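Read the structure below first, then the notes.
Values below: every heavy atom of this structure, side chains too, minus hydrogens, waters and symmetry copies. Computed from a predicted model, the values in this text were never measured in an experiment. Just so it is clear: chains get the letters A, B, ... in the order the sequence lines come, proteins before strands, and each one is counted from 1.
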Amino acid sequence: MASDLNPPQREAVLHGGGPLVVFAGAGSGKTRVITHRVADLALRRHVAPWRILAVTFTNKAAGEMRERLARLAPGVGERAWIGTFHAVCARILRIHAERVGVRSSFTIYDDQDQRAMIKRVLRELRLDEKQHRPKEIAQFLGEAKQKMQRAEDLPSSGYREGIQVRIFEAYEAAMARAGALDFGDLIYRLVLALEKDERLRAELAGRFEHLLVDEFQDTNHAQLRLVRALGSVHRNICVVGDDDQSIYRWRGADRRNILDFQRDFPDAHVVKLEQNYRSTQRILRAAYAVIHNNIDREPKQLWTENDEGAPPLVVQVRDEWDEARVLLELVQQSREDGLDLEQIVVFYRTHAQSRVFEEALRGAGVGYRIIGGQRFYDRAEVKDLLAYLRVLDNPNDDISLLRVLNVPARGIGKTTEARLLEAASRRGISVYEALREVGPEDGVKGKARERVRAFGKLLDELSAAHEQGLALGELGTRVLERSGYRLSLEQQDSPEAEARLENLLELVGSMQSFELANGALPLDAEDEEAEDLVGQEPLVDATGEASLSAYLERVSLETQADEAPEGERITLMTIHAAKGLEFDTVLVTGMEEELFPMARPGFADPSEIEEERRLAYVAFTRARRRLIISHARERRLFGRHRYSVPSRFLSELPPDDVSFIGWQPSASGLARPRRRGFGHDDPFGPDTDDDSFADEFARASAMPSPPPGSAHDDAWLDASDGCDVDDAPRPGMQVRHRKFGVGQVRGVEPGSPPKVRVRFPGRGEKVLLATFLEPA
DNA sequence: CTTAGTAGGATTGAG
DNA sequence: TCCTACTAAG
């Protein structure tokens, strides 16, 4: 098994006990090392699988690990503890709720819920929202928890600090009352308990014999403390990561965690994986030439046995429209060469840059998919339905209740809401209970009181249905029906409302499949030893039924609604979303000062520039065969038009390994412009005024040789979530709609997704979202 | 209570 | 420029 590993990989896999840090460069087979190591520990060293804990950051990474492990060592992946920091902590917290001092039935609040709670606390404390921005408070609370600060550790000297402490305490109290934990709490609360309660620590640290942490460069301080505490008995801690790929400092990631691992654990063994299996030599040289300029990094250099490859291409264009035409040119050329469009990706620094690409692609009828942006579980309607369910699961969850108090509109206004809330806090009861008890003495009388009571009855009725064991999917449907949500959407009769309804039906569908997947699962008798300590399958409650709580937990910790890809589409995403992925062709756009690196000139903190440089490094190292970089002379961003200077990172590229079109860095690093570019009469017209530019581009960007065969070790999992446009509809085109049948497109209104006016025989014209249409 | 209008703000975003 | 989130009028 270890035979198909290279020497450092094998070294990491076979390392026995004690701390181990693996610096795993881009495309060096990192996941492979972790999975092989888990398999080796279980099979060769006979470590009980459930005594192995492997932690990742994303559900996707955890899923991938489990999947690969299933192939490598059947039975191990199912029993080992593999999950995200948050999921693992939530699981442990529920099991040891009493010891930790949380309710075992806690609800997990996402950022939006957290903000609602903050607003409520501010109102309670009679603080002005303008002066104390909920956004900033959320930031402050999150940071404090990341740093493992308790209320008494916070600075309280100044006026501002004093208020912060008060807010912190009030927030914690309100969360406790609601039986809720925010994302930060999941780690914070567990670490607090582990560090305070020696018996708990001994128990948990004793049970996990081996710890593996993926993407260790992305851990924050609280996560480091968690790893330390859980590893405190055996010290079998294996951390894997790459400081050069640390791009999340703004959300608390601390590269020092991996860089100083040896200081933390002086006996730590160090392994560096530097052989790359992904990219061509030229791409790696270009990437290295850039990252090498970072002072603060662990020295290492990727090398490969792959081809030399074609030189990366840097193209100067006039503006963002021109940049989009470069993309179209590239797509067209790839099509002519019979290349797979799925293997083309466009990277940008900010989401705002995607619009122009979308419009161009839509105009040219090229399918595309956007990763990121608004996520399924963040959509208002999805959150509404989930809020109903959360109230049924936890009647103390005031925030969720308030969310749906007047959704759909049932005549309960702001005034009533405020009075209800006040009545609840005055009597020290939940808002749910207050629904029943409020009366004229609280200022809720007449119609308002009736409506409030009716809402309480509605919840009671749904609650009863839930307690009688109504199946999950049924319960979802029941909520939609009885609350009048469905009716209200149907009555709106707009394409947006239809889209919302579709989303809700999808959610109900997911509840049904959750039930199917988890409902009938028997408890695993073999692992009883594991059971008594932490439980094996959190998705199933004592009766073996898929419970509402289990579903809600899954949903709160799950962010990507995976969707099977359909049709050939290119991919668009921010670079941040790209980590861990790879593509044959990568187009990195907007490489201009102030955009990428995104820092104001003159104010640039060197460490910020280094982080941006890592971002560029991540972008470049996603490419297997073809890397194209574009920068515009001028562009409109955030409504402001500006002239741009090529990114300093372009001047760091090795001139001998890179081709330049339209501009190339001079020896001094200053721009030497050549005025070249596409014509501009019609942004996406079929012909360009400057054929030579197109020719030059075509020559320079051509794929040097057919890409290697299909099987890629790190094939990426699809994670699209619905901002997709299949084949772009154009007037005259025949399209099919699920309900209305086949019709003809009369007009298209740009948007994401675009709205399409379709004439259906016998039904007249309808305006529909492109998402719900397919070519007929 | 809903709707329209506008002020303000805008990186990057896992769980 | 465009979107969100709150405020004033219907």
Side-chain angles (χ1 to χ4, degrees), chain A residues 55-62 83-90 108-116 119 129-130 133-135 138-139 142 145-146 181-188 214-215 218-220 222-223 246-253 320 347-356 371-375 377-378 380 405-417 447-448 451 488 492 553-560 573-580 590 594-600 608 611-612 614-616 618-619 635-642 719 750-752:
Chain A
V55 197
T56 62
F57 272 85
T58 64
N59 289 307
K60 200 172 111 186
T84 63
F85 270 101
H86 298 269
V88 165
C89 287
I108 299 169
Y109 275 8
D110 70 11
D111 296 349
Q112 274 179 65
D113 304 322
Q114 189 193 31
R115 271 194 71 185
K119 284 186 180 176
E129 276 188 33
K130 289 248 158 62
R133 299 260 159 90
K135 208 183 142 198
Q139 171 103 12
K145 288 175 185 180
Q146 268 173 17
L181 297 182
D182 61 39
F183 281 129
D185 282 330
L186 294 176
I187 291 140
Y188 175 72
D214 191 17
E215 306 276 20
D218 286 340
T219 49
N220 61 36
Q223 287 160 335
S246 170
I247 53 178
Y248 285 112
R249 186 167 76 162
W250 49 274
R251 66 179 197 213
E320 67 269 30
F347 289 149
Y348 34 78
R349 182 61 237 270
T350 74
H351 289 298
Q353 288 166 260
S354 73
R355 218 196 80 237
V356 178
I371 307 292
Q374 230 216 347
R375 287 164 307 177
Y377 289 113
D378 280 345
L405 183 63
N406 195 33
V407 180
R410 49 173 72 86
I412 304 178
K414 244 200 192 144
T415 325
T416 310
E417 184 191 317
K447 266 239 162 73
R451 287 165 174 159
S488 137
Q492 285 178 37
E553 166 131 345
R554 161 75 71 88
V555 161
S556 350
L557 295 173
E558 187 92 47
T559 42
Q560 280 153 347
M573 65 175 98
T574 64
I575 303 162
H576 282 93
K579 206 157 62 152
E594 292 182 66
L595 179 59
F596 193 4
M598 182 167 276
R600 290 154 303 157
E608 274 172 37
E611 175 119 339
E612 295 285 314
R614 289 192 287 274
L615 200 53
V618 167
R635 87 163 58 231
R636 190 174 273 286
L637 195 66
F638 297 136
R640 220 190 304 287
H641 176 93
R642 56 192 186 195
S752 179

Practice problem: Give a yes or no answer on whether the side chain of A/R635 reaches the backbone of A/E320 with a donor-acceptor pair at less than 3.5 Å. | Solution: no
Practice problem: From the options B/dA10, C/dT1, B/dG13, select the nucleotide whose nearest atom is closest to the side chain of A/F638. | Solution: B/dA10
Quiz prompt | Option among A/L181, A/L186, A/D185 that satisfies the side chain to side chain contact (heavy atoms under 4.5 Å, CB included) test with A/F183 | solution = A/L186
Exercise. Considering non-hydrogen atoms only, spot the tightest contact between A/E129 and A/P134 and give its length.
Key: O-CD, 3.8 Å
Quiz item: In terms of side-chain geometry, is the basic nitrogen of A/E612 or A/R349 positioned less than 4.0 Å from the acidic oxygen of its partner?
Solution: yes
Quiz prompt | side-chain N/O A/K447 vs B/dC1 OP1/OP2, d < 4.0 Å | solution = no
Quiz item: In terms of ring plane angle, is the pair A/H576 and A/Y248 parallel, tilted or perpendicular, where the classes change at 30° and 60°?
Solution: tilted
Quiz item: Would you say B/dT11 has OP1 or OP2 under 4.0 Å from some side-chain N or O of A/T574?
Solution: no
Quiz prompt | C1' spacing across the pair C/dC6 / B/dT11, given as an integer number of angstrom | solution = 24 Å
Quiz item: How many Å lie between CG on A/N406 and P on B/dT3, as a whole number?
Solution: 12 Å
Practice problem: Sticking with atom C1', work out how far B/dT12 lies from C/dA5, rounded to a whole angstrom. | Solution: 22 Å
Quiz item: Within the distance-only criterion (no hydrogens, no angle test), does the side chain of A/E417 pair as donor or acceptor with the backbone N or O of A/L405 below 3.5 angstrom?
Solution: no
Practice problem: Sugar-phosphate atoms are those with a prime plus P, OP1 and OP2; base atoms are the rest. Using that split, label each nucleotide of nucleotides 2-10 of chain C B, S or - for protein heavy atoms under 4.0 Å, 5' to 3'. | Solution: S---S----
Quiz item: Rounded to the Å, how far apart are A/D111 CG and B/dG13 P?
Solution: 13 Å
Practice problem: Starting at atom CZ of A/F85, determine the distance to atom P of B/dG13, rounded to an integer number of angstrom. | Solution: 20 Å
Quiz item: Rounded to whole angstrom units, what separation is found between the CG atom of A/N220 and the C1' atom of B/dG13?
Solution: 14 Å
Exercise. Give the rounded distance in Å between these two atoms: NZ of A/K135 and P of B/dG13.
Key: 14 Å
Exercise. Write down the distance between NE2 (A/H351) and P (B/dG13), rounded to a whole number of angstrom.
Key: 4 Å
